[in-house]
Protein chains: 2
Amino acid sequence: MTFTFSNDDRLPLYQRLRDELAANIAENRWRPGEAIPTEAELVSHYGVSIGTVRKAVDKLVAEGVLERFQGRGTFVRRASFDNAMFRFFRFQSETGEPLAPEGRVLNREVVEAPAQVAQGLNITAGSPVIHLTRVRLINQRPLLSESIWLPKEKFSALLDIPLSEFGNLLYPFYEERVGCAVASAQEYLTVEPVGAKDAELLQIAEGTAVITVERVAFGYDQQPLEWRRYCGLASHFRYHVEIR
Amino acid sequence: MTFTFSNDDRLPLYQRLRDELAANIAENRWRPGEAIPTEAELVSHYGVSIGTVRKAVDKLVAEGVLERFQGRGTFVRRASFDNAMFRFFRFQSETGEPLAPEGRVLNREVVEAPAQVAQGLNITAGSPVIHLTRVRLINQRPLLSESIWLPKEKFSALLDIPLSEFGNLLYPFYEERVGCAVASAQEYLTVEPVGAKDAELLQIAEGTAVITVERVAFGYDQQPLEWRRYCGLASHFRYHVEIR
DNA sequence: TAGTGGTCTAGACCACCTC
DNA sequence: AGGTGGTCTAGACCACTAT
């Protein structure tokens, strides 16, 4: 069976196929963790050659959207960076083992989106948003203070759930309860003197240097889903990057 | 003409071809900025199909080693990240324009490699290394303090050159004077209270929070060429990263 | 054993750049 | 006009996985 691509036919075929495949994921026809059709099936469904299918899939693999396993199939990658702060912060037990932090939502309220949040979420300032205040702890010690904003319309289901049922990982929780899967994120880091509120939550002196991270999380359709700001002691910060 | 690959024949053909091509660059037969042979020439020289050549070149492009230009050819990419601190530090004039820093080498000495330097350079501790002390300035204001270590053997030519001839960019200088081209680097970031020496160079109070970066720079053959540590005021730090 | 992705081939035609 | 990389095809055979 052949298939007519709806996209701009000036684009290369493998690009348009990539967009078609990505749309199947964005619109939840292929779900995170599941296998997509085999290469042979894609060939006959879309009426292109195996090389073109492979190139389109290659792109999505390079983008981190798909994952291939020889002999098993090609799967929609489940983004698992709720623990992404491990990129920046290193928490260790006294014996040196890495530790998984606990997440505790302290407060939930519906507010009008502040300008910066609205810009990050690509909505109009003042739109209703859900604001969560959350701390991440290890051995009961608060190490990160988080402020999270979500568009109210899309996430209103979260308003009916007791705060105690919000687990340690929010992104799988969004997926389960709201059907919004997070595919990627962007983060901006700066070093700031800590503000009064965060200082209290982190039990540190006001004005201590903290790393502040602002994050926008995107769905598979590239639309912003969540905006958050979190901070933690600069002395826990450690980061590694490759340059080319 | 066919060609026998010296590498492990358990590896895929395109992998071995990639290694062959990379070796041509590492051993300076193909120089940064120059075009490599055309795809057709590579096909006949190595006796593989065009698809295999393209896949090998694809890899090196993805690694940032080569750069393709339709209609012109494929070129060895000239790594140009001597200004890599712009990834982490934001320096602006009073009118908000970005500014290019000046580099000034203050001191040069031959010392025995400290343990950490030796480890980074993959040499035995105590081997002779050249140690440079350098500041980066904007409008005569010191903003970054750098300490640079180079293996003495490979870089001994630098010992005969007046410090004033070390330009603002060291990597092109290494390439020109020593024939060592830098291809990639790794950096490790932490936040530290500034030490006495750096505090003096940066004209800030001892103990102020600075971002400290440790960098190993590698040649095209993946061998470490340079180890450096630099630091700058944490308040100038700003970083952006994408997560998938 | 059947099915999956991984590797490799051997072309054809196109778009773009340089001269 | 001639040469470059970019796209696309239509297979073959292999290595690995599940059952």
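Labels below follow one simple rule: chain letters A, B, ... track the order of the sequence lines, proteins then strands, and each chain is numbered from 1. Computed from a prediction, not measured in an experiment: that's the story for all the values here.
Residues that satisfy the salt bridge (Lys or Arg N to Asp or Glu O under 4.0 Å) test with A:R31, not counting sequence neighbours, are absent from this structure. Every salt bridge (Lys or Arg N to Asp or Glu O under 4.0 Å) that B:E102 has, sequence neighbours left out, goes to B:R104. Contacts of B:E153 classified as salt bridge (Lys or Arg N to Asp or Glu O under 4.0 Å), with partners at least two apart in sequence or in another chain: none.
In this structure, A:L60 places its CG atom 16 Å from C1' of C:dG5, rounding to the nearest Å. In this entry the distance linking CG of A:L66 with C1' of C:dT4 reads 15 Å, nearest Å. As a whole-Å value, the separation of A:K55 NZ from C:dG6 P is 16 Å. Between the C1' atom of C:dG6 and the CD atom of A:E67 lies a distance of 16 Å, rounded to the nearest Å.
Among residues at least two apart or in separate chains, there is no salt bridge (charged side-chain N to carboxylate O under 4.0 Å, His left out) pair with a member in residues 43-53 of chain B. Residue pairs satisfying the salt bridge (charged side-chain N to carboxylate O under 4.0 Å, His left out) criterion with at least one member in residues 40-56 of chain B, sequence neighbours excluded, are listed as follows: B:E39-B:R54.
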With B for base contact, S for sugar-phosphate-only contact and - for none (protein heavy atoms under 4.0 Å), nucleotides 8-16 of chain D reads SBBB---BB
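In terms of position along DNA chain D, the nucleotide closest to B:G73 lies nearer the 5' end than the nucleotide closest to the other residue of the pair A:F69 and B:G73.
Just one residue in the list A:Y174, A:W227, A:W149 forms a ring-ring contact (aromatic ring centres under 6.0 Å, His included) with A:F155, and that residue is A:Y174.
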